[in-house]
Amino acid sequence: MEFFCYHRDRPGSLPLREKLGEEHWSYMDRYAEELIARGPTFADDGETPSGSVHIVDLPDPAAARAFAFDEPNYQAGAYRDVLLRRWRNMLGRTMWDFPGGRTGGDRYLVIGLAPEQSAELAVPPDRDGLIAFGPLLSDDGATWLGTAVLLRAPDPETARGVLSPVRYADIEVHDWEFGGRR
């Protein structure tokens, strides 16, 4: 089962994140084979970390909760909240398989929060910039709650355009970059 996990930083937590850097890396190294995508998001200045994205394949929701809430930065209070949802890998690859590679161009996390009614989700026809794409689902996988996308785009507005605003209650766009030691 695939899960989308987005830890959002607590304001002022950068010194704590820096202090726990190696603990975070070591923790994530334990999941290296299960990770589909990972990396930090950044505040509007493009340099201050604002969160941490992990898309991971784990046996069940309990394992996903343990992954999210046992993480050293979460345990120490660096994160203010966690978005944890089932996810389905509609591209069938990891970020390391992205044909565009790790560098070149701006990268974004786009999260679309679903309105009350459910909708069919299809991969956009222009897939060239898509790094990861899939629905956010309830724990049992039966209810669509939104969409999470990692992509390369020239600017935030172009990134936002990957999701149709009429289909979502809200769309968030965050600067993002490839993470990991791979």
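The basis for the numbers below is simple: all heavy atoms, side chains too, and nothing from hydrogens, waters or symmetry mates.
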Rounded to the nearest 0.5 Å, what separation is found between the CZ atom of Arg80 and the NE2 atom of His7? 13.0 Å
For residues 57-66, please give each side-chain donor-acceptor pair under 3.5 Å, one per line with the distance, not counting sequence neighbours.
| unit_1 | atom_1 | unit_2 | atom_2 | d |
| --- | --- | --- | --- | --- |
| Asp57 | OD1 | Met1 | N | 3.0 |
| Asp60 | OD1 | Ala62 | N | 3.1 |
| Asp60 | OD1 | Ala63 | N | 2.8 |
| Arg65 | NH1 | Asp139 | OD2 | 3.1 |

Note, Pro115 side chain near Arg167 side chain (heavy atom, < 4.5 Å): no
Flag side-chain contact, heavy atom, 4.5 Å: Arg38 against Tyr31: no
Check against side-chain contact (heavy atoms from CB on, under 4.5 Å), Gln75 and Asp70: CA-CA 6 Å; Gln75 287 293 307; Asp70 290 345; 4.3 Å; yes
Hydrophobic cluster identity match, Trp176 and Phe42, side-chain contacts under 4.5 Å: no
What about Tyr108 and Val123, same hydrophobic cluster or not, with Ile/Leu/Val/Met/Phe/Trp/Tyr joined at side-chain heavy-atom distances under 4.5 Å? yes
Rounded to the nearest 0.5 Å, how far apart are CE of Met95 and CG of Leu35? 8.0 Å
Donor-acceptor pair, Arg17 side chain versus Ala78 backbone, under 3.5 Å? no
Looking only at heavy atoms, the pair that brings Arg107 and Gly100 closest together is NH2-O, 4.1 Å
Are Val149 and Met90 linked, directly or through intermediate hydrophobic residues, by side-chain heavy-atom contacts shorter than 4.5 Å (ILVMFWY only)? yes
Which residues share a salt bridge (Lys or Arg N to Asp or Glu O under 4.0 Å) with Glu22, sequence neighbours left out: Arg181
Side chains of residues 152-159: which donor-acceptor pairs under 3.5 Å do they make with residues two or more places apart or in other chains?
| unit_1 | atom_1 | unit_2 | atom_2 | d |
| --- | --- | --- | --- | --- |
| Asp155 | OD1 | Glu157 | N | 3.1 |
| Asp155 | OD1 | Thr158 | N | 2.7 |
| Asp155 | OD1 | Thr158 | OG1 | 2.9 |
| Asp155 | OD2 | Thr158 | OG1 | 3.3 |

Is the side chain of Arg10 donor-acceptor paired with the backbone N or O of Gly77 at a distance under 3.5 Å, no angle test? yes
Thr94 versus Asp97, side-chain donor and acceptor atoms under 3.5 Å: yes
Quick one: does Pro99's side chain get under 4.5 Å of Arg127's, heavy atoms only? no
Closest non-hydrogen atoms of Glu71 and Asn73, given as atom of the first, atom of the second and distance, are OE1-N, 2.7 Å
Of all heavy-atom pairs between Asp175 and Ala43, which one has the smallest distance, and what is that distance? OD2-O, 4.1 Å
Ignoring hydrogens, what is the shortest heavy-atom contact between Gly101 and Phe178? Give both atom names and the distance. O-CZ, 3.7 Å
Can you list every salt bridge (charged side-chain N to carboxylate O under 4.0 Å, His left out) pair that touches residues 41-54, not counting sequence neighbours? none
Ser50: partners by side-chain hydrogen bond (donor to acceptor under 3.5 Å, both in side chains), with sequence neighbours left out: Thr41
Less than 6.0 angstrom separating the ring centers of Tyr79 and Tyr74, yes or no? no
Rounded to the nearest 0.5 Å, how far does CG of Leu83 lie from CZ of Arg8? 6.5 Å
List the steps and the verdict of side-chain contact (heavy atoms from CB on, under 4.5 Å) for Phe4 and Leu109. CA-CA 12 Å; Phe4 174 86; Leu109 163 65; 3.9 Å; yes
In short, Ala114 meets Trp144 closest at the heavy-atom pair CB-CZ3, 3.5 Å
Verify same cluster id: Ile36, Trp25 (apolar side-chain graph, 4.5 Å): no
Spatial distance of atom CG (Leu113) from atom CG (Leu136) [nearest 0.5 Å]: 7.5 Å
Interatomic distance, CZ@Phe133 vs CG@Leu151, rounded to 0.5 Å, equals 10.0 Å
Is there a side-chain contact between Leu130 and Pro124, using heavy atoms and a 4.5 Å cut-off? yes
Within one Ile-Leu-Val-Met-Phe-Trp-Tyr cluster: Met28 and Leu16, side-chain cutoff 4.5 Å: no
Non-hydrogen atoms of Val173 and Arg160 that approach each other most closely: CG2-CB, 3.7 Å
Could you grab the distance from atom CZ of Phe98 to atom CG of Asp128, nearest 0.5 Å is fine? 8.0 Å
Between Glu2 and Asn89, is there a donor-acceptor pair closer than 3.5 Å when you use the side chain of the first and the backbone of the second? yes
Residue pair Thr48 / Asp9, side-chain heavy-atom distance below 4.5 Å: no
The criterion is ring-ring contact (aromatic ring centres under 6.0 Å, His included); which residues satisfy it with His54, sequence neighbours excluded? His24, Phe67
